[in-house]
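Here is the naming used below: chain letters follow the sequence lines, and residue numbers restart at 1 for every chain. These numbers were taken from a predicted model, which means no experiment stands behind them.
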Number of protein chains: 2
Amino acid sequence: MARGSADFRYFVLSLLVKRAMSGYDIRRFLKNLGWLLGNPSFGMIYPALHALLQDDLVAVEVVPHPSRPARKIYTITEAGKQALQEWIAQPPPSSIGMRAFIMHLILVGGSTRVGLVAHLQQRREVAAAQHLALEQAVEELGEQVSLGEHMAIEYSSTIASAELAWLEDKLAQLSMGSETDPSEKLTKGGSSK
Amino acid sequence: MARGSADFRYFVLSLLVKRAMSGYDIRRFLKNLGWLLGNPSFGMIYPALHALLQDDLVAVEVVPHPSRPARKIYTITEAGKQALQEWIAQPPPSSIGMRAFIMHLILVGGSTRVGLVAHLQQRREVAAAQHLALEQAVEELGEQVSLGEHMAIEYSSTIASAELAWLEDKLAQLSMGSETDPSEKLTKGGSSK
DNA sequence: ACGCACATGTAATCAGTTACATGATTCT
DNA sequence: AGAATCATGTAACTGATTACATGTGCGT
């Protein structure tokens, strides 16, 4: 059975924490927040929902409709909430891409601050390594590269630098924040018990 | 028959312009220049080569070896050179990803300056649109987003800004260069940070 | 009349990675 | 002895998009 990627499955699950939704609702929601993830299609959403249902992480309520196909409202179960917490707690693989990183960021950001810091730190390691590799490439290849290659390196390097800088900045902010105000709550809408 | 993506196929073809290579050579080459494209595997390289051969864009010379499998040295044909030129000349689809953009950048950067400028301009349009969408998302969602969502937007926005800034910068440099010194050859990188 | 929003789902297709299959040579 | 390099290729699997199938109701 097609289950899609675990990342996306848990991302969908996290949406159901806030409110119960149908597959169509989810697609609309993601379309509106289309600044990232570029509107995932039904081909991803429905299989993900079916897989979650099979694992008993969600429950369905079928709301029939005279003319249209019945709406299927998915609600997260207790097992689902627990599984989500565990998923968030475990560190993401370091080989993660930008898109997956963003999804994890949203997930973890709704939960604990410690988790968020760990998440950002790990990403910083990866970004730093990438940046270093790029810098070395520039040095090693030096003058003997074509204009196109030179541009490609510069382009990649610029983006990697920006990413790294942001991560450093955020981590500094977070550590400062927790020093000056360690009591600050961040559980917002997330029912972490 | 599995042919892989056209982008990658033409990228491989462009490598053969500089010198004839075997599949193994190409993999090694890409591994060394691993700062982008994260070492493509044989599963992509060999099918691409076979497809190019089938289209008569490359020719093979089989160099037998007593103990090992015969090396197959691929050379670009005249038809291949022409097809490559045509491929470079046509503007890339605007929905292109970062990885594909980098490949195109390398390809086009080895060719004409006009093509390069057009390429960068088109990318700028896309990046500008993305950046705008992100800015609007920040405004619209404003205060009511979770910490994770806020961070995700900020992260994406930071990277988009950096990309856009670099593109603007490069385009300015290129137009300046062509105004003040229109005779400048572009076989070697002239401008850098 | 035409298309869009609603609402579900499957299947085909594409892109890309990883594992498998084979086998000699050279380095540690 | 065991791993890495050289050298080719195929097949299986995962991830994601697009197209297909089905049908009503509402606005222009």
> Parallel, tilted or perpendicular: which fits the ring planes of A/Trp87 and A/His104, with parallel below 30° and perpendicular above 60°?
Replying inline: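 Tilted: the ring planes of A/Trp87 and A/His104 meet at 30° to 60°.
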> On DNA chain C, nearest-nucleotide positions of A/Phe42 versus B/Phe8: which is more 5'?
Replying inline: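 First, find each residue's nearest nucleotide; the 5'-ward one identifies A/Phe42.
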>> Quick check on side chain to side chain donor-acceptor pair (under 3.5 Å): which of B/Arg9, B/Arg3, B/His50 does B/Asp55 satisfy it with?
In response: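 With B/Asp55 as partner, B/Arg9, B/Arg3, B/His50 yield a single side chain to side chain donor-acceptor pair (under 3.5 Å), made by B/Arg3.
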Gap between atoms [atom1] and [atom2], on [X] and [N] respectively (whole Å):
| X | N | atom1 | atom2 | answer |
| --- | --- | --- | --- | --- |
| A/Ile45 | C/dT8 | CD1 | C1' | 12 Å |
| A/Arg3 | C/dG9 | CZ | P | 16 Å |
| A/His65 | C/dC6 | NE2 | C1' | 9 Å |
| B/Met103 | C/dG16 | CE | P | 7 Å |
| B/Arg99 | C/dC14 | CZ | P | 18 Å |

OP1 or OP2 of [N] under 4.0 Å from side-chain N/O of [X]:
| X | N | result |
| --- | --- | --- |
| A/Ser5 | D/dT14 | no |
| B/Tyr46 | D/dG9 | no |
| A/Arg68 | D/dG23 | no |
| A/Ser22 | C/dA7 | no |

> B/Tyr74 or A/Ser67: which one's nearest nucleotide on DNA chain D is closer to the 5' end?
Replying inline: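 The residue mapped nearer the 5' terminus is B/Tyr74.
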> Does A/Asp25 pair with A/Arg71 as a salt bridge, N-O distance under 4.0 Å?
Replying inline: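 So A/Asp25 pairs with A/Arg71 through a salt bridge.
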> Side chains of B/Glu135 and B/Ser157: do they bring a donor and an acceptor to under 3.5 Å?
Replying inline: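 Yes - a donor-acceptor pair under 3.5 Å links their side chains.
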> To the side chain of A/His50, which of D/dT8, C/dT10, D/dG9 is closest?
Replying inline: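 In terms of side-chain proximity for A/His50, the closest of D/dT8, C/dT10, D/dG9 is C/dT10.
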